[in-house]
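Let me begin by presenting the structure, written as structure tokens, before commenting on it.
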Amino acid sequence: MLNGSRRRWGLAASFAAGLALMSPAVAQTPKTLKVTMHADVRTLDPFWTTQTIAGIHGMMVYDTLFSSDGDLKPQPQMVDKWDVSADRKVYTFTLRDGLKFHDGSPVTSKDVVASMNRWGKRDGAGKQLFGYTASLEAKDDKTFVWTLKEPYGLLIESLAKIGTSIPFVMREKEALVDPFKQIEEVVGSGPFAFKKEEWVPGSKTVYEKFAGYVPRKEPPSGHAGGKVVKVDRVEFIWLSDPQTAQAALVAGEIDYLENPQPDFLPILESTPGVKLEQHPAMGTMGIIQLNHLHPPFNNVKARQAMYHLINNADYLNTIAADKKLQKLCYSYFGCGVDMETDAGSEIYRAPPDLKKAEALFKEAGYNGEPITILHATDHQYINPANLVMIQQLRKASFLKLDVQAMDWGSVVSRRAKKEPPAQGGWNIFITGTSVLSSSNPITHVSVGMGCDKAWFGWPCDQKFEDLRKQWAFAQDVDTRKKLAVELSKRAYEQVPYISFAQWVNPVAYRSDKISGVLPVPSVPPMWNIEKK
Amino acid sequence: MTTYILRRLLATIPVMAVVALFVFFLLHLTPGDPAAVIAGDDASPAEVDGIRRKLGLDRPIWEQFGLYVWNLLRGDLGTSIFSNLPVMTLVKQRLEPSLVLAVATLTVAVVLAIPMGVLAAWKARSAIDRVVMGFSVLGFAVPVFLVGYLLIYVFAIQLRWLPVQGYQPLANGIGGTLRSITLPALALGMTYMALIARITRASMLEVLSEDYIRTARAKGVATSSVLLRHALKNAAVPIVTVIGIGFALLISGVVITETVFNIPGLGRLTVDAILKRDYPIIQGLIILFAASKVLVNLLIDISYTLFDPRIRQ
């Protein structure tokens with residue numbers, strides 16, 4: 001009896017010991033952040049494509065020389081200190097200590113120089129910067145010198161840019177790859193390391209905390225400050241169906257949803273434990289792009305006539321019905337940002353006037369030729385925006401519309417055609433841009449009027465381009481704001497495109513499961529987030 | 001029999017050649033440009049041209065077709081334009097979820113639909129028959145995404161019994177796989193259940209009116225034996241055909257179910273590739289789907305011989 005009891009106690013003790021041995025394993029269960037971004041990571045080279053999702057992937061894996069803080073002001077990130085010569089043409093940068101790539105090799109100035117050269121061949125702001133660059137050289141392992149031909153005022157801002165085509169620092173080996181070809185390996189020096197063996201394009205992308213990352217000492221703000229990683233692993237789970245994505249957040253299967261569809265926001269708002277968050281500069285602006293190469297919109301009068309047909313507010317109610325998400329914006333550079341201005345917008349603010357529109361089309365020599373509209377029917381906001389525009393234009397019975405329905409992939413292909421509409425070209429298509437990109441007249445590519453070098457639609461106006469250049473050379477915000485007013489007036493006269501609306505897509509996350517989400521207008525950072 | 005199988009296999013070669021030719025030219029004549037998608041919305045036309053050149057999309061179409069056929073003959077389905085991964089790697093990643101979903105869906109459908117169809121035929125024109133046929137009409141009429149959302153709402157959000165989305169690989173344990181596949185298999189199984197139940201009923205009704213069934217009944221054979229051993233076996237040929245074709249369709253085209261339940265299967269891979277104009281993936285998948293359909297048809301034909309010895313002769 002005693003023996004039996006002892007045996008039982010012995011077994012119980014062994015079981016307890018076994019549990020005790022198992023418990024550390026339980027404690028070591030990796031903290032995994034499950035996130036659904038607005039798109040799936042399908043391309044690993046953030047210079048090869050300008051898609052924002054490639055920038056989000058890049059921000060996980062790579063580091064940047066400068067970053068934008070919560071107020072969108074540039075702050076040093078990989079750079080420790082820098083000097084600017086008195087003539088503002090020579091910038092000398094020193095990298096901070098402790099920077100290393102995920103393979104353990106140190107980050108050197110050579111990596112930086114090669115990376116910036118690669119970025120400068122693909123990004124609009126980068127090309128602009130390199131247009132004014134005399135030389136970019138590594139002085140020693142930690143110092144590099146950027147010499148300008150002229151005192152271009154946007155060097156630091158360009159290096160701190162977020163959104164698309166972020167100037168990440170890669171290893172020299174990858175940075176020397178032709179920027180029109182994809183890199184093979186993803187080895188960055190950022191706070192997370194990419195797990196290629198777990199990558200399933202169209203489904204899941206996995207990152208692990210990089211233990212060798214040395215964060216800055218400053219508190220985090222936007223994309224700047226200390227990138228302190230508080231989870232072991234981040235999984236980007238691609239949920240292409242918006243309904244499923246919101247259900248997964250409600251059920252707690254994901255922690256963070258970058259781009260919930262506006263229709264589902266009331267459900268998410270009323271779900272206990274779910275929080276919606278937005279940054280003041282967050283949002284999208286609609287663009288009705290006109291083709292300046294062919295009649296009728298090769299005549300400025302016809303472009304101006306469009307202001308009398310388009311009612312800005314109608315788009316907001318269709319795309320984002322919730323008033324909290326709407327901003328009736330008349331600024332070519334977005335609302336809620338430094339460069340916000342509605343100078344020259346009187347023509348657009350007036351209620352639609354068919355007679356004025358008809359008179360202007362007549363002055364432009366319009367004689368009932370078909371106006372070809374490329375209507376993308378498969379896009380979340382471009383499709384409804386097209387429907388609203390077509391309805392507004394149909395009220396003008398003097399216009400003959402040729403609406404061609406197609407998928408977005410076909411629109412992006414067809415919009416590149418410069419031929420007349422009857423030969424496969426086009427007159428109008430609708431797209432959108434982030435407020436962040438449009439807040440800077442240089443990075444706002446669709447407002448540019450550089451003729452053949454301009455964006456699709458090819459607007460052409462030397463005066464506007466001269467003003468853009470002056471803006472780029474301005475050394476302070478006040479001067480830039482004054483120039484933005486002039487740019488806005490000229491844009492309203494020349495009509496590079498018609499902007500409509502501004503609406504916000506807040507992020508949604510489980511505030512009962514995670515904390516430390518940093519509000520940013522685009523490219524959400526995954527550092528600083530703690531899993532409870 | 002062996003000669004028959006070999007002859008059928010050889011006949012697939014011209015079929016596959018026609019499919020390859022058709023797919024290539026159809027894709028390249030369709031509007032759309034992967035270079036423009038890669039470049040993104042902010043890219044200039046010159047950048048788009050640069051990417052197109054690097055991808056070789058500016059080469060003459062015959063040159064591109066020659067390269068495609070040459071690679072195909074070497075068993076190389078190509079590399080995805082976007083992910084830079086071999087198409088075969090992407091297919092392997094997606095094959096297991098698609099197969100598991102197909103098997104689970106057909107299991108749910110067959111296990112429930114065949115008894116329902118047999119019962120409806122046995123009790124033809126009765127209340128049971130009407131209920132079964134009513135369910136069958138419902139199964140056809142209600143869209144799979146609606147069934148999917150309803151199942152998610154009840155079982156994943158309200159009751160929290162099963163996950164909303166995602167697929168757990170078999171390597172992580174069969175329990176997780178079953179949990180992740182239950183709702184999609186039920187949602188998708190509704191349509192197949194309706195189809196198989198109707199076919200079973202129609203086929204059984206035809207067989208039940210045969211003389212040998214009357215003879216079996218006259219001999220006093222038990223009803224269950226008459227239904228299952230005499231009637232169902234003879235009614236099996238059209239049922240097996242529907243199940244086989246259903247399997248082939250499930251492997252290649254259940255994109256809505258895969259999207260609603262976030263199952264990383266071949267259907268979604270195909271549609272995503274089409275939307276992005278990722279030509280190598282589309283071409284590779286259509287070739288594989290065509291091959292799988294030919295193979296399934298062959299297996300269906302062989303299975304006929306098991307149910308009907310006359311076909312063997």
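Sequence lines set the chain letters: A, B, ... in the order given, protein chains first and strands last, and positions in each chain run from 1. Quick caveat, the model's predicted, so the values are computed rather than measured.
Judged by distance alone, the side chains of A:Asn291 and A:Arg415 never bring a donor and an acceptor atom under 3.5 Å apart. A side-chain N or O of B:Gln158 and one of B:Tyr153 form a donor-acceptor pair less than 3.5 Å apart. Using a 3.5 Å distance cut-off with no hydrogens or angles, the side chains of B:Arg277 and A:Ser410 do pair a donor with an acceptor. A:His379 and A:Asp407 form no side-chain donor-acceptor contact under 3.5 Å, judged by distance and modelled atom types alone. Using modelled atom types, one finds no donor on one side chain facing an acceptor on the other under 3.5 Å when comparing B:Gln64 with B:Tyr279.
At a 4.5 Å heavy-atom cutoff, A:Arg414 makes no contact with chain B through either its backbone or its side chain. For A:Ile287, no part lies under 4.5 angstrom from a heavy atom of chain B. In this structure, chain B has no heavy atom under 4.5 Å from any part of A:Asp40. In this structure, chain A has heavy atoms under 4.5 Å from both the backbone and the side chain of B:Gln165. Proximity to chain A is absent for every atom of B:Arg53, based on heavy atoms less than 4.5 angstrom apart. Contact of A:Asp45 with chain B is not made at all, since no heavy-atom distance falls under 4.5 Å. With a 4.5 angstrom heavy-atom cutoff, A:Lys417 does not touch chain B via any of its atoms. Neither the backbone nor the side chain of A:Ala245 comes within less than 4.5 Å of any heavy atom of chain B. Neither the backbone nor the side chain of A:Ala416 has a heavy atom closer than 4.5 Å to any heavy atom of chain B.
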Q: For salt bridge (Lys or Arg N to Asp or Glu O under 4.0 Å), just list the numbers for A:Arg42 and B:Asp272, CA-CA rounded to whole Å, side-chain angles, deciding distance to a tenth of an Å, and then say yes or no.
A: CA-CA 10 Å; A:Arg42 275 162 211 266; B:Asp272 290 348; 2.9 Å; yes
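The interface of residues 78-92 of chain B with chain A, defined by heavy-atom distances below 4.5 Å, comprises B:Ile81, B:Phe82, B:Ser83, B:Asn84, B:Leu85, B:Leu90. For residues 118-127 of chain A, heavy-atom neighbours of chain B at less than 4.5 Å comprise A:Arg122, A:Lys127, sorted by residue number.
Screening residues 239-251 of chain A for side-chain hydrogen bond (donor to acceptor under 3.5 Å, both in side chains) gives A:Asp241-A:Thr244, A:Asp241-B:Tyr149 as the qualifying pairs, with residues at least two apart or on separate chains. Applying the side-chain hydrogen bond (donor to acceptor under 3.5 Å, both in side chains) test to residues at least two apart or on different chains, none of the pairs has a partner in residues 182-193 of chain B.
With hydrogens and angles disregarded, a donor-acceptor distance shorter than 3.5 Å links the side chain of A:Glu253 to the backbone of B:Val164. When atom types are taken as modelled, the side chain of A:Trp426 and the backbone of A:Pro421 share no donor-acceptor pair closer than 3.5 angstrom. At least one donor-acceptor pair closer than 3.5 Å links the side chain of B:Glu258 to the backbone N or O of B:Arg268.
Relative orientation of the A:Trp455 and A:Phe429 rings is tilted, given thresholds of 30° and 60° on the angle between their planes.
No close placement of the B:His28 and B:Phe65 rings is indicated, their centers lying 6.0 Å or farther apart. With ring centers used as reference points, A:Trp458 lies 6.0 Å or more from A:His292.
The local environment of NZ in A:Lys34 is sparse, with at most 12 non-hydrogen atoms from other residues, nucleotides or ligands closer than 6.0 Å.
Ranked by heavy-atom pairs under 4.5 Å with chain B, the list A:Asp178, A:Ile237, A:Val411 is led by A:Asp178. Ranked by heavy-atom pairs under 4.5 Å with chain A, the first of B:Ala156, B:Pro264, B:Gly166, B:Pro163 is B:Pro163.
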